[in-house]
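I have placed the structure first, in the form of structure tokens, so that the comments after it can refer back to it.
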Amino acid sequence: MRDLGVGFGYLVKGQKWVGRHGRWFGFGLLPGLVTLVLYAGALVGLGYGADDLAAWVTPFADDWSSPWLGIFRGTLTALVVAFGLFLAVITFTAVTLLVGQPFYESLSEEVDRSEGGEVPESGLPLWRELWISARDSLRILLRVAFYGVLLFACGFIPVIGQTVVPVIGFCVSGFFLAEELTSVAFQRRGVELKERLGMLRGRRMAVLGFGVPLTLAFLVPFVAVFLMPGAVAGATLMARELGGETGDDRDENFRENDHPGGNLPSSGGDQEVHHLPH
């Protein structure tokens with residue numbers, strides 16, 4: 001259970017990081033705003049058409065007496081809307097990351113740079129990175145769709161469908177949401193999807209501690225947009241830990257130079273100057 005707190009801690013750290021780096025927060029808002037407009041229109045359309053869709057797929061119930069017809073189709077309408085929200089939460093991140101690939105990759109690199117050590121770069125052209133991101137997102141979407149259909153069917157089970165199934169749904173959403181967000185940092189490190197999933201399953205509780213609260217927050221309009229920059233930053237920090245990376249290398253360099261004259265140039269020698277890119 002301790003790992004749940006660790007995962008949530010990375011979510012908080014990510015939000016604090018962008019809070020201290022306001023320019024990067026504003027930079028990371030742009031892709032989310034574009035995606036939000038598209039999704040808002042789609043969800044409004046689903047909300048207006050869900051009852052008609054429920055009636056269209058259940059013509060066999062047209063002759064049912066009241067109140068059973070209303071209860072059945074009302075439940076089905078609610079499940080359709082819930083399924084649409086379930087997919088929206090997952091695909092919103094994937095689409096936003098795809099739209100904002102250059103934005104979030106730069107943000108993730110800056111997080112790595114601020115933590116010290118090497119700043120991994122994929123070395124791939126942008127079109128290749130977009131292709132890999134889209135391909136992996138499609139693979140994740142197929143997994144999510146499978147779980148979504150399964151949970152949708154289980155939603156008809158009395159009591160369990162209204163209690164246990166939604167909890168499982170949020171856990172599934174949170175896990176794959178965390179996968180999508182960490183993919184920004186992992187892709188720069190050349191970590192393939194299969195290996196990423198293995199690393200995340202190895203720390204499942206930490207991943208859920210990161211992804212489930214974010215999933216719940218993403219259900220509120222506009223919140224997803226404002227949390228996305230910090231979510232990418234927090235996911236980068238978590239990816240560093242999952243990959244066994246820390247800021248120790250930077251600290252060790254400081255300790256090596258922490259002695260009298262250690263930071264002074266030798267007489268007649270060249271002085272090496274280190275600086276962070278702006």
Side-chain angles (χ1 to χ4, degrees), residues 4 32 34-98 136-181 197 200-201 204-205 207-225 227-228 231:
L4 282 173
V34 173
T35 310
L36 177 65
V37 172
L38 298 176
Y39 271 70
L43 288 175
V44 168
L46 177 64
Y48 277 109
D51 52 348
D52 293 332
L53 178 63
W56 179 71
V57 298
T58 58
F60 57 86
D62 287 342
D63 298 328
W64 288 13
S65 61
S66 179
W68 304 115
L69 176 61
I71 293 174
F72 175 69
R73 284 184 172 167
T75 301
L76 185 59
T77 298
L79 288 172
V80 168
V81 173
F83 182 62
L85 288 172
F86 173 81
L87 289 181
V89 169
I90 296 298
T91 59
F92 178 87
T93 304
V95 172
T96 303
L97 290 174
L98 187 62
D136 290 347
S137 293
L138 179 60
R139 291 174 177 175
I140 291 298
L141 181 59
L142 291 175
R143 287 175 167 84
V144 171
F146 169 77
Y147 285 112
V149 171
L150 183 62
L151 292 171
F152 180 80
C154 291
F156 290 99
I157 301 175
V159 183
I160 293 177
Q162 292 74 48
T163 55
V164 177
V165 170
V167 173
I168 296 175
F170 280 119
C171 289
V172 171
S173 299
F175 181 87
F176 287 113
L177 180 60
E179 192 285 326
E180 288 288 349
L181 289 165
L197 290 173
L200 294 172
R201 291 189 187 107
R204 195 185 305 271
M205 296 305 290
V207 172
L208 292 179
F210 180 89
V212 172
L214 199 57
T215 299
L216 293 170
F218 275 20
L219 292 176
V220 181
F222 299 107
V223 170
V225 175
L227 290 184
M228 266 302 279

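- Closest approach of Phe170 to Leu216, counting heavy atoms only: CE2-CD2, 3.6 Å.
- To the nearest 0.5 Å, the span separating CD on Glu180 from CD1 on Ile140 amounts to 6.0 Å.
- Under the 4.5 Å side-chain criterion, counting only non-hydrogen atoms from C-beta, Val207 is not in contact with Arg201.
- Considering OG1 of Thr215 and CZ of Phe176, their distance stands at 11.5 Å, rounded to 0.5 Å.
- Residues that satisfy the side chain to side chain contact (heavy atoms under 4.5 Å, CB included) test with Leu227, not counting sequence neighbours, are Gln15, Leu214, Ala217, Phe218, Val223.
- Pro166 approaches Gly161 most closely through the heavy-atom pair CD-O, 3.6 Å.
- Listed by first then second residue, pairs satisfying salt bridge (charged side-chain N to carboxylate O under 4.0 Å, His left out) with a partner in residues 138-164 read Asp136-Arg139, not counting sequence neighbours.
- More than 12 heavy atoms of other residues, nucleotides or ligands lie within 6.0 Å of CZ in Phe72, so this atom counts as buried by the packing criterion.
- Taking all atoms of both residues into account, the shortest heavy-atom contact from Ala178 to Phe210 is CB-CD2, 4.0 Å.
- By the 4.5 Å heavy-atom criterion applied to side chains, Leu181 and Leu177 are counted as neighbours.
- The closest side-chain heavy-atom distance from Val172 to Val144 is not below 4.5 Å.
- Partners of Val225 according to the side chain to side chain contact (heavy atoms under 4.5 Å, CB included) rule, which considers only residues two or more places apart in sequence or in another chain, are Leu29, Leu33, Leu36, Phe92.
- Heavy atoms only, all atoms of each residue included: Leu4 and Met205 are closest at CD2-O, 3.3 Å.
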Just distance, no hydrogens or angles: give the donor-acceptor pairs under 3.5 Å from side chains in residues 75-85, sequence neighbours left out.
unit_1	atom_1	unit_2	atom_2	d
Thr75	OG1	Ile71	O	2.8
Thr77	OG1	Arg73	O	2.8

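- With sequence neighbours left out, the side chain to side chain contact (heavy atoms under 4.5 Å, CB included) criterion links Ile160 to Ile157, Val164, Val165.
- Pairs of residues two or more places apart, or lying in two chains, never qualify as salt bridge (charged side-chain N to carboxylate O under 4.0 Å, His left out) while including a residue from residues 74-83.
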